[in-house]
Amino acid sequence: MFKNVLTTVLIWLTALIVSGVFVWLLSDIVIHGLPRLSWAFLAEAPKNAGRSGGIGPIIISTLSILLVAMVTATPLSLATAVLLSEFTENDSVIGRLVRRSLDVLAGVPSIVFGLFGNAFFCIYLGLGFSILSGGLTLACMVLPILIRTAEEGLQATPDDYRLAAAALGMSRSATLVHLLLPSAAPALIAGLMLGVGRAVAETAALIFTSGYVDRMPDSLLDSGRALSVHIYDLSMNVAGGDTNAYSSALMLILLLLIINSIAMSLAKQWLHRDIVLYE
Amino acid sequence: MKLNGPVKPMNETYTLGPLQIGPPCCDPEPLIRVDNLSLYYGVKPALENVSLDIYKGCITALIGPSGCGKTSFLSVLNRMTDMIPDCRVSGKVHFNGRDLRDLALDVQGLRRDIGMIFQKPVPFPLSIRRNIELPLREHGISKQAELNDVIQQVLQDVGLWVEVKDRLESSALALSGGQQQRLCIARALALKPKVLLMDEPCSALDPISSGVVEDLIQRLRGKYTVVIVTHNLAQARRIANYAGFFWIRDQQRAGCLIEFGQCKQIFEAPAHELTAAYVNGSRG
Amino acid sequence: MSLSLADKQLAALLWGCALLAAALVLLVLLFLFKESWPVLQHIALIRFFNDTSWHPVDGLYKLTPMLSATFYSTLGAVMLAAPLGIASALFSRYYAPSFLAGCYRRLIELLAGIPSVVYGFWGLTTLAPLIGRLHPPGVSLLTGILVLTLMILPTIALTADAALAAVPAAYLRGAASLGLSRWGLISGVTLPAARPGVTAGIMLAAGRAIGETMAVLMVAGNVVQQPHSLYDSVRTLTANIALEMAYATGDHRAALFVSGLALMCVVLLLVGMAELMSQERRHV
């Protein structure tokens with residue numbers, strides 16, 4: 001009886017502490033970050049090593065890196081997921097091999113991806129410190145998540161659809177395009193969101209691939225500083241950079257939320273284009 | 001696919017439209033000839049040495065207890081067996097002068113000629129119109145006027161037209177079970193098949209819907225060749241011209257065909273004692 | 001499997017993509033090896049442990065201070081986060097009223113998505129000064145452990161929550177019908193049943209803690225030394241790579257790649273163990 005009461009108290013206490021710390025963290029960032037946050041801050045270039053000025057070029061760089069990463073990783077992961085779920089038996093040797101190697105890739109620490117990206121994209125392929133190198137490195141990093149979620153989404157679509165479509169003489173490609181992918185769309189988008197979230201949050205893999213340069217990038221082959229790298233640099237290497245670092249951190253969190261909600265509404269529209277669930 | 005709320009069935013009204021029907025019963029010309037067919041899942045035989053003819057324009061009922069290979073037999077006829085891993089088929093199945101087991105056969109074309117209806121209705125999560133349109137477009141029909149004609153035609157054939165003509169753009173999932181099954185039949189008819197395979201098309205439906213679908217199947221006689229698997233002996237007796245009785249061979253647990261013949265003969269004067277016991281209800 | 005021409009073309013394309021994706025991990029390993037090779041070739045592995053210090057420019061490659069920093073910070077974080085995470089999962093599943101449980105779960109999910117650099121930044125500006133007041137310098141092993149704890153807590157809480165959810169309701173009904181108290185129920189039935197899933201989650205979280213760079217880099221002080229107390233500044237393996245890659249050349253650079261390779265091996269070992277455990281669960 002005593003144990004029961006004690007554990008109840010402890011568990012409520014844990015929940016209270018955990019929520020308390022997290023509210024502390026979030027409110028800290030909002031309180032310190034909000035005053036500086038304005039349209040001017042978002043548009044301006046950083047001045048005086050980032051102590052003053054805004055984060056305009058940094059947002060552009062971040063979005064470009066993200067774009068490169070998702071444009072590369074999405075088709076590749078969708079194709080792999082379709083192959084694994086629609087064109088191979090669940091326990092085939094080759095399917096297991098592909099899945100296992102993706103599991104391994106998912107476990108690789110991001111700093112190791114940074115090392116790899118630096119050695120392969122920057123130096124071996126000669127892309128240098130560039131948005132392209134950073135984006136491609138992130139693409140490798142998010143690939144396993146995208147594939148896993150897309151595969152799960154496809155496998156969750158009813159087998160009846162596959163059988164009924166086959167019985168109507170439809171090709172697998174048509175079944176995929178007209179039935180399975182639209183049915184799995186919410187799961188696919190959710191997976192994409194996870195990937196985007198991880199890519200936006202990533203810092204370690206970008207320091208040695210997309211670089212530190214904080215001016216407006218001219219092209220994808222130009223170096224560009226991601227928002228997360230900016231926060232790191234301001235807080236560690238720039239004395240007096242904390243105010244702007246707070247605002248950048250708030251912006252990073254807001255960016256994550258914005259991307260999330262945009263994708264949700266896109267998913268809904270895509271869903272309603274063809275699939276009609278009920279009245 | 002997740003549904004956020006219960007799907008509300010519409011009021012189902014019984015409105016079978018006129019169906020152009022061919023000669024009332026069969027000319028005994030075999031359309032599909034099955035010769036010594038066996039089917040294995042891995043090494044385990046599911047069906048052994050089945051030989052029978054499916055007659056053109058007739059309704060052939062396949063009866064027998066669960067697990068005796070009736071559904072497996074159906075899926076050989078439109079090569080759905082291809083979708084089952086480790087499934088192996090031996091013997092001869094002739095349709096249109098070709099062996100269905102021919103690997104070079106155009107399977108998509110075959111499935112257009114031999115349609116299939118499943119036990120559970122499988123409307124796609126699309127609008128009613130798209131459900132019928134999608135396979136038609138896949139088979140190369142893309143003119144909207146032509147599509148509209150076919151859609152109206154087949155929906156009239158299955159008696160759904162009056163019920164859904166004002167709501168072709170709404171979800172097929174909102175239809176009641178019986179309406180869904182009729183939509184699936186309409187979808188299959190739209191491809192102008194020669195044969196319709198039906199795997200217990202009424203058993204997942206309530207009695208009233210089941211009656212409507214059964215009437216519909218009756219009306220397909222003559223124009224289409226129908227092979228129907230059913231557990232409902234009374235239904236088989238009511239609608240079929242020919243009947244085949246499947247049973248499980250004891251040693252191997254493999255299904256086999258015990259007797260095949262005119263429906264009347266199977267039910268009234270079965271040649272085999274097992275058949276007699278089964279149709280009398282004393283076994284199975 | 002019979003496929004039409006279009007399907008075959010699609011399948012070929014998909015195979016190409018899938019093999020590319022699967023080969024990626026080999027490519028990563030290949031390049032880590034390639035870049036490590038200059039050092040591995042002429043330096044015995046033992047020198048990474050036996051050298052007098054880490055002065056790669058002078059050819060001294062002692063990695064043990066970094067290894068122990070990584071080890072202690074991970075160990076500390078897991079020891080703190082595991083009970084907190086499990087308690088969080090228990091809270092949202094069994095203790096909190098459903099509304100509160102939903103909110104709490106959303107909060108944890110939100111936290112799982114917060115970038116590590118934000119955790120690091122917050123630790124540096126808020127946590128480190130607080131700890132510095134207790135015992136300077138503030139940026140220390142303890143701060144690193146606390147920030148890592150916050151970072152991996154959501155992982156443990158969410159996996160434990162999923163594992164608890166997977167415990168069959170029948171167990172709970174059975175136990176409750178025996179009149180067990182809530183804690184008796186949890187400690188006697190739920191937690192043992194969910195243990196494989198919970199353990200796998202902790203393994204994954206440990207892997208994340210070992211591989212985490214930014215958060216510890218920003219709060220742990222980055223002094224290369226064997227830690228003697230929780231208040232000592234330390235530098236982890238990952239932080240070392242991030243700090244020195246910018247200017248490392250030649251053997252120094254190669255040595256950093258060796259530590260990357262080592263990191264990858266340790267994490268893979270953990271992922272493998274987590275995998276084994278979840279497989280065990282599937283077989284039960």
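Below, chains carry the letters A, B, ... as their sequence lines are ordered, and counting in each starts from 1.
- Taking OG of A:Ser173 as the start and CD of C:Gln9 as the end, the distance is 8.5 Å to the nearest 0.5 Å.
- For A:Asn4, the parts lying under 4.5 angstrom from a heavy atom of chain C are both the backbone and the side chain.
- The shortest heavy-atom contact between A:Ser235 and C:Met218 is OG-CE, 2.9 Å.
- Interatomic distance, C:Phe91 CZ to A:Leu10 CG, rounded to the nearest 0.5 Å: 13.0 Å.
- Closest approach of A:Phe87 and C:Leu10 over heavy atoms only: CZ-CD2, 3.9 Å.
- Top candidate by heavy-atom pairs under 4.5 Å with chain A, chosen from C:Ser92, C:Gly272, C:Gly260, is C:Gly260.
- Per-residue heavy-atom pair counts under 4.5 Å with chain C were compared for A:Leu25, A:Val229, A:Asp103, A:Leu176, and the maximum is reached by A:Leu25.
- For A:Ile253, the part sitting under 4.5 Å from any heavy atom of chain C is the side chain, from C-beta outward, and nothing else.
- In this structure, chain C has no heavy atom under 4.5 Å from any part of A:Leu250.
- For C:Leu100, the part sitting under 4.5 Å from any heavy atom of chain A is the side chain, from C-beta outward, and nothing else.
- Ring pair C:Phe121/A:Tyr232: centre-to-centre distance not below 6.0 Å.
- Comparing C:Cys103, C:Ser181, C:Gly120 by how many heavy-atom pairs each has under 4.5 Å with chain A, the most go to C:Ser181.
- Residue C:Arg208 does not touch chain A at all, counting heavy-atom pairs closer than 4.5 Å.
- One distance of note links NZ of C:Lys8 with OG of A:Ser171; it measures 12.5 Å at 0.5 Å rounding.
- Residue contact with chain C, scored on non-hydrogen atoms closer than 4.5 Å, is absent for A:Ser248.
- Residue A:Ser101 holds its OG atom at 9.5 Å from CG of C:Leu19, rounded to the nearest 0.5 Å.
- Contacts between A:Leu256 and chain C at a heavy-atom distance below 4.5 Å involve the side chain alone, from C-beta outward.
- Shortest non-hydrogen contact noted between A:Thr14 and C:Tyr104 is O-OH, 4.4 Å.
- Contacts of C:Ile186 with chain A are absent, with no heavy-atom separation under 4.5 Å from either backbone or side chain.
- Residues A:Leu102 and C:Ala21 come closest through the heavy atom pair CD2-O, 4.1 Å.
- In summary, the side chains of C:Thr125 and A:Asp242 do not present any donor paired with an acceptor at a separation below 3.5 Å, with no hydrogens or angles considered.
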**OP:** Report the C-alpha separation of A:Trp24 and C:Thr126 in whole Å, then their side-chain angles, then the decisive distance to 0.1 Å, and conclude whether the side-chain contact (heavy atoms from CB on, under 4.5 Å) test is met.
**Re:** CA-CA 10 Å; A:Trp24 181 18; C:Thr126 310; 3.4 Å; yes
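- Only the side chain of A:Leu252 has a heavy atom closer than 4.5 Å to any heavy atom of chain C.
- For A:Ile111, the parts lying under 4.5 angstrom from a heavy atom of chain C are both the backbone and the side chain.
- Looking at heavy atoms from C-beta onward, A:Thr203 lies out of side-chain contact with C:Pro115 at the 4.5 angstrom threshold.
- For chain A, the nearby part of C:Leu124 is the side chain; its heavy atoms alone come within less than 4.5 Å.
- Between C:Leu24 and A:Leu143 the shortest side-chain heavy-atom distance falls below 4.5 Å.
- Contact count against chain C (heavy-atom pairs under 4.5 Å) is highest for A:Met236 among A:Arg198, A:Lys3, A:Met236.
- The aromatic ring centroids of A:Trp12 and C:Tyr95 lie 6.0 Å or more from each other.
- Here the straight-line distance linking atom OG1 of A:Thr7 with atom OH of C:Tyr94 works out to 13.5 Å at 0.5 Å rounding.
- Across every non-hydrogen atom of C:Leu256 and A:Leu115, the tightest pair is O-CD1, 4.0 Å.
- Within the 4.5 Å cutoff, no side-chain heavy atoms of A:Val112 are placed close to those of C:Val267.
- Residue contact with chain C, scored on non-hydrogen atoms closer than 4.5 Å, is absent for A:Leu194.
- Dense packing is recorded around CZ of A:Arg99, with more than 12 heavy atoms of other residues, nucleotides or ligands lying under 6.0 Å away.
- Across C:Val28 and A:Phe116, no two heavy atoms sit closer than the pair CA-CD1, 3.5 Å.
- Most heavy-atom pairs under 4.5 Å with chain C: of the set A:Leu83, A:Leu84, A:Leu257, A:Leu76, this distinction falls to A:Leu83.
- Interface summary for chain A: among C:Gly211, C:Gly184, C:Ala242, the most heavy-atom pairs under 4.5 angstrom belong to C:Ala242.
- Heavy-atom pairs under 4.5 Å with chain C were tallied for A:Asn118, A:Ile207, A:Leu26, A:Val23; the largest tally goes to A:Asn118.
- Only the side chain of A:Arg100 comes within contact range of chain C, with heavy atoms under 4.5 Å apart.
- The contact between C:Ile241 and chain A is made by backbone and side chain atoms together, counting heavy-atom distances below 4.5 Å.
- Side-chain atoms of A:Phe120 and C:Leu30, non-hydrogen and from C-beta on, never get closer than 4.5 Å to each other.
- If you measure heavy-atom distances from A:Leu13 to chain C, you find no contacts under 4.5 Å at all.
- Among A:Thr8, A:Ile17, A:Val82, the residue making the largest number of heavy-atom pairs under 4.5 Å with chain C is A:Thr8.
- Contact of A:Tyr212 with chain C is not made at all, since no heavy-atom distance falls under 4.5 Å.
- Between chain A and the options C:Thr238, C:Thr213, C:Leu111, the largest number of non-hydrogen pairs under 4.5 Å is found for C:Leu111.
- Both the backbone and the side chain of A:Leu105 come within less than 4.5 Å of a heavy atom in chain C.
- Using a 4.5 Å cut-off between heavy atoms, A:Leu6 makes no contact with chain C at all.
- Comparing C:Ala87, C:Ala96, C:Ala23 by heavy-atom pairs within less than 4.5 Å of chain A, the highest count is held by C:Ala87.
- Expressed to the nearest 0.5 Å, how far OG of A:Ser110 lies from CD of C:Glu212 amounts to 6.5 Å.
- The candidate from A:Val108, A:Val104, A:Ile147 with the greatest count of non-hydrogen atom pairs under 4.5 Å with chain C is A:Val104.
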